[in-house]
Amino acid sequence: MEIHYHLTEEDYLNFNMFHVKNSKAAMRSLNIQRFLLPVIFIIAAYLASTYGDMPFVTAFVIYFIIAVLWILFYPKIFYRHVKRMTKRMMNEGKNEGMLGDHVLRMTDEGIVDSSAHGETRVTWAGIVEMKEDQHNFYLYNSGVSACILPKRELHDVEGVRNYLAGRIK
């Protein structure tokens, strides 16, 4: 099976956002940042009332409201930061081999992803897992990298899904 596709910056951003949202390490980091700071806010309320002129109830209410707002809105801030950093990293270097026109050949042995700048070969055993979202298939060849296959370029998404599921163990 041979698939011709064009990989865009948006495809790469979708992959990074998908990976972060599905990574245990990233989610752990998000939750630590999301819930640890509110605890610090509550400690700050205690310190403000103990060492300052503010009554404890007033300080607690103010810092509690800030803590709740932080818990509610921090994920959006976190994901926006990830997206901005991904764009910044993509703009730092040359990405011709990553973005642009590709040909993905799937054989009995594995996959060969070719572009004008090179070729990547991975055996089926080297594909750790296949994941997907509404936009793409992600053929992970390690814990942090994957071959991105945009669904918009496929004539038979279900057929490709079944073919890949039958090859990836």
Side-chain angles (χ1 to χ4, degrees), residues 1-39 69-169:
M1 180 182 295
E2 187 171 284
I3 300 168
H4 295 260
Y5 64 98
H6 185 82
L7 197 61
T8 65
E9 182 178 303
E10 189 67 26
D11 295 324
Y12 191 72
L13 288 171
N14 286 338
F15 166 68
N16 277 277
M17 294 307 295
F18 175 85
H19 183 72
V20 166
K21 289 178 180 179
N22 292 284
S23 164
K24 289 178 185 174
M27 294 312 296
R28 189 175 328 116
S29 176
L30 168 66
N31 286 324
I32 288 171
Q33 294 170 37
R34 184 178 186 189
F35 295 109
L36 183 59
L37 198 57
V39 170
L69 291 172
W70 180 264
I71 289 170
L72 292 174
F73 293 108
Y74 184 70
K76 191 172 201 165
I77 294 166
F78 180 82
Y79 294 128
R80 191 177 321 133
H81 175 72
V82 168
K83 197 169 194 174
R84 189 172 53 246
M85 290 304 296
T86 301
K87 284 182 179 181
R88 194 174 292 160
M89 286 187 287
M90 288 181 67
N91 291 330
E92 281 181 356
K94 296 186 178 199
N95 300 306
E96 293 88 6
M98 184 173 60
L99 304 178
D101 293 325
H102 287 254
V103 176
L104 183 70
R105 285 184 300 284
M106 294 183 266
T107 66
D108 290 338
E109 292 80 36
I111 63 171
V112 179
D113 183 22
S114 304
S115 73
H117 299 277
E119 188 174 271
T120 303
R121 294 175 180 272
V122 182
T123 64
W124 290 116
I127 303 294
V128 179
E129 64 184 323
M130 177 187 76
K131 292 186 177 183
E132 67 178 291
D133 63 13
Q134 65 187 21
H135 305 288
N136 304 305
F137 287 109
Y138 305 112
L139 307 176
Y140 279 84
N141 58 356
S142 75
V144 295
S145 68
C147 176
I148 304 167
L149 183 57
K151 290 180 179 178
R152 70 176 178 280
E153 304 279 350
L154 304 175
H155 299 292
D156 181 14
V157 173
E158 191 61 36
V160 171
R161 180 184 293 117
N162 291 336
Y163 180 83
L164 290 170
R167 296 289 184 171
I168 300 169
K169 306 297 179 213

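Treat the numbers as computed from the prediction; the structure is a model and nothing was measured.
His102 contributes atom NE2, which lies 10.0 Å from atom CG of Leu104 (distance to the nearest 0.5 angstrom). Summarising the geometry, atom CG belonging to Asn162 is positioned 4.5 Å from atom CD belonging to Glu158; distances are rounded to the nearest 0.5 Å. Taking CG from Leu149 and CZ from Arg161, the interatomic distance works out to 11.0 Å, rounded to the nearest 0.5 Å. Distance check, rounded to the nearest 0.5 Å: CG of Asn91 to CZ of Arg88 gives 9.5 Å. Atom CD1 of Ile127 and atom CD1 of Ile168 lie 5.5 Å apart (nearest 0.5 Å). Taking CG of Leu99 as the start and OH of Tyr12 as the end, the distance is 8.5 Å to the nearest 0.5 Å.
Taking the salt bridge (charged side-chain N to carboxylate O under 4.0 Å, His left out) definition, one finds that Asp156 meets it with nothing, sequence neighbours left out. Take Lys151 and apply the side chain to side chain donor-acceptor pair (under 3.5 Å) test, not counting sequence neighbours, and it matches Glu132. Take His4 and apply the side chain to side chain donor-acceptor pair (under 3.5 Å) test, not counting sequence neighbours, and it matches Glu2. Every residue meeting the side-chain contact (heavy atoms from CB on, under 4.5 Å) condition with Leu36, not counting sequence neighbours, appears here in chain and number order: Ile32, Ile40. In this structure, the ring-ring contact (aromatic ring centres under 6.0 Å, His included) partners of Tyr140, at least two apart in sequence or on a different chain, are Phe15, His19. Applying the salt bridge (charged side-chain N to carboxylate O under 4.0 Å, His left out) test to Arg34 and every residue at least two apart in sequence or in another chain returns nothing. A search for side chain to side chain donor-acceptor pair (under 3.5 Å) contacts involving Asn136 returns Tyr138, not counting sequence neighbours. Shown here are the side-chain contact (heavy atoms from CB on, under 4.5 Å) partners of Ala125, two or more places apart in sequence or in another chain: Thr123. Scored by the side chain to side chain donor-acceptor pair (under 3.5 Å) test, Asn141 finds Ser145 as partners (sequence neighbours excluded).
The closest side-chain heavy-atom distance from Gln134 to Asn14 is not below 4.5 Å. Taking the side chain as every heavy atom from C-beta outward, Phe137 and Ile148 never approach each other to under 4.5 Å. At least one side-chain heavy atom of Arg167 sits under 4.5 Å from a side-chain heavy atom of Asp108. Between Leu13 and Lys87 the shortest side-chain heavy-atom distance falls below 4.5 Å. Looking only at side-chain heavy atoms (C-beta outward), Met90 and Met98 come within less than 4.5 Å of each other.
Shortest non-hydrogen contact noted between Tyr163 and Thr107 is OH-O, 3.9 Å. Listed here is the closest heavy atom pair of Val128 and Ser142: CG2-N, 3.9 Å. Closest heavy-atom contact between His135 and Asp133: N-OD1, 2.8 Å.
By the neighbour-count criterion of 12 heavy atoms within 6.0 Å, atom CZ of Phe73 is sparsely surrounded, having that number or fewer from other residues, nucleotides or ligands.
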Using distance only, find each side-chain donor-acceptor pair of residues 74-85 under 3.5 Å and give its atom names and separation, not counting sequence neighbours.
residue, atom, partner, partner atom, Å
Tyr74, OH, Gln33, OE1, 2.1

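Screening residues 109-124 for salt bridge (Lys or Arg N to Asp or Glu O under 4.0 Å) gives Arg105-Glu119, Glu119-Arg121 as the qualifying pairs, with residues at least two apart or on separate chains.
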